Amino acid sequence: MSPVPVPSVGARIRQARLERGLSLRALAREVGVSASLVSQIETGKSQPSVSTLYGITTALGISVETLFEVREAAVAASSAPVVHALAAFAADPGRRMGPLVTPGEREVLELDSGVVWERLGHVPGTDVDFLLVTYRPGGSSSGSGGLMRHPGTEYGWLTSGELVLTLGFDEQVLRPGDAVCFESTTPHRYRNDGDAPAVGVWFVAGQSVQ
């Protein structure tokens, strides 16, 4: 079985924006992107980069993890608080992920700039992004080349390929078997300068900004 695509991430972002009473322009201003880009992301015409995605979720006061729960959010009315959607998710064992997650059950987020996130599991009520991350050749966490920062503590372990990590003023090349950990509030960026995909297991703990 193939991993399960996550539908309507843009719709989940739009729902969170409306719940907070923010206009497209106001959200775009906080993130530092154009209102047109935010609109294209919300309508599914464009995918955000990793840095833009974290910028949007930080500005909206939600965790990235909640974007994987868009299908559960649809169970509640569009104007219902996010907590109702999360409660519905936790209350439906048939939809809960884990404790065992097979490759065919993983939910997938295809991001801009050649980055793919596959959700490896989730315990309801926790704020942890537990992901299999792939950076395709030429892929980067920031399409503009800028550094990103977001709440949480980041841990990663590269299993194949090579990945360049810029962390503050330092640059490191990660190779298979290398691991990293740092506070995600430190400006950082990942990029794949090689010819093969760079794949690793990543998680960000305590990154909710609510």
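Computed from a prediction, not measured in an experiment: that's the story for all the values here.
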Main-chain N/O of Val199 paired with Thr134 side-chain donor or acceptor, under 3.5 Å: no

Using the rule given for side chain to side chain contact (heavy atoms under 4.5 Å, CB included), can you reason through Thr52 versus Ile41, listing the C-alpha separation, both sets of side-chain angles and the distance that settles it, and then say yes or no? CA-CA 10 Å; Thr52 299; Ile41 291 171; 4.1 Å; yes

Between Thr57 and Tyr54 (side chain of the first, backbone of the second, donor and acceptor by atom type, cut-off under 3.5 Å), is there such a pair? yes

Can Glu110 and Arg136 be counted as an ion pair, charged N to O under 4.0 angstrom? yes

Please evaluate residues Trp157 and Phe203 with respect to the criterion ring-ring contact (aromatic ring centres under 6.0 Å, His included), reporting the C-alpha separation (whole Å), side-chain torsions for both, the decisive distance (0.1 Å), and the verdict. CA-CA 9 Å; Trp157 176 50; Phe203 72 93; over 10 Å; no

So, do Val180 and Glu154 sit near enough that their side-chain heavy atoms are less than 4.5 Å apart? no

In terms of heavy-atom contacts, does CD of Gln172 have more than 12 from other residues, nucleotides or ligands at under 6.0 Å? no

Under 3.5 Å donor-acceptor, Asn192 side chain and Tyr135 backbone: yes

Validation row: Val38, Val31 side chains within 4.5 angstrom (heavy atoms): no

Can we say Glu162 and Arg191 salt-bridge, meaning some charged N sits less than 4.0 Å from an Asp/Glu carboxylate O? no

Test item: Thr153 and Phe182 side chains (from C-beta on) under 4.5 Å apart, heavy atoms: no

Donor-acceptor under 3.5 Å (Ser34 side chain, Leu37 main chain): yes

Given side chain to side chain donor-acceptor pair (under 3.5 Å), test Ser142 with Ser144 step by step and report yes or no. CA-CA 5 Å; Ser142 173; Ser144 66; 3.2 Å; yes

Please list, chain by chain and in numerical order, all residues satisfying ring-ring contact (aromatic ring centres under 6.0 Å, His included) with Phe130, sequence neighbours excluded. none

Step-by-step side chain to side chain contact (heavy atoms under 4.5 Å, CB included) determination, Val164 to Glu171: CA-CA 7 Å; Val164 180; Glu171 192 168 276; 3.5 Å; yes

Does atom CZ of Arg189 have more than 12 heavy-atom neighbours, drawn from other residues, nucleotides or ligands, at distances under 6.0 Å? yes

Only one of Val133, Leu120, Asp129, Leu132 forms a side-chain contact (heavy atoms from CB on, under 4.5 Å) with Trp202, so which one is it? Val133

Donor-acceptor under 3.5 Å (His188 side chain, Met148 main chain): yes

Passes side chain to side chain contact (heavy atoms under 4.5 Å, CB included), Arg149 versus Ser184? Steps please. CA-CA 6 Å; Arg149 52 188 298 172; Ser184 303; over 6 Å; no

Begin with the C-alpha distance, continue with both residues' side-chain angles, and end with the deciding distance and a verdict on side chain to side chain contact (heavy atoms under 4.5 Å, CB included) for Val116 and Val108. CA-CA 7 Å; Val116 181; Val108 178; 3.6 Å; yes

Side chain to side chain donor-acceptor pair (under 3.5 Å) evaluation trace for Thr102 with Glu105: CA-CA 5 Å; Thr102 65; Glu105 294 172 326; 3.2 Å; yes

Side-chain contact, heavy-atom cut-off 4.5 Å: Arg20 with Leu60? yes

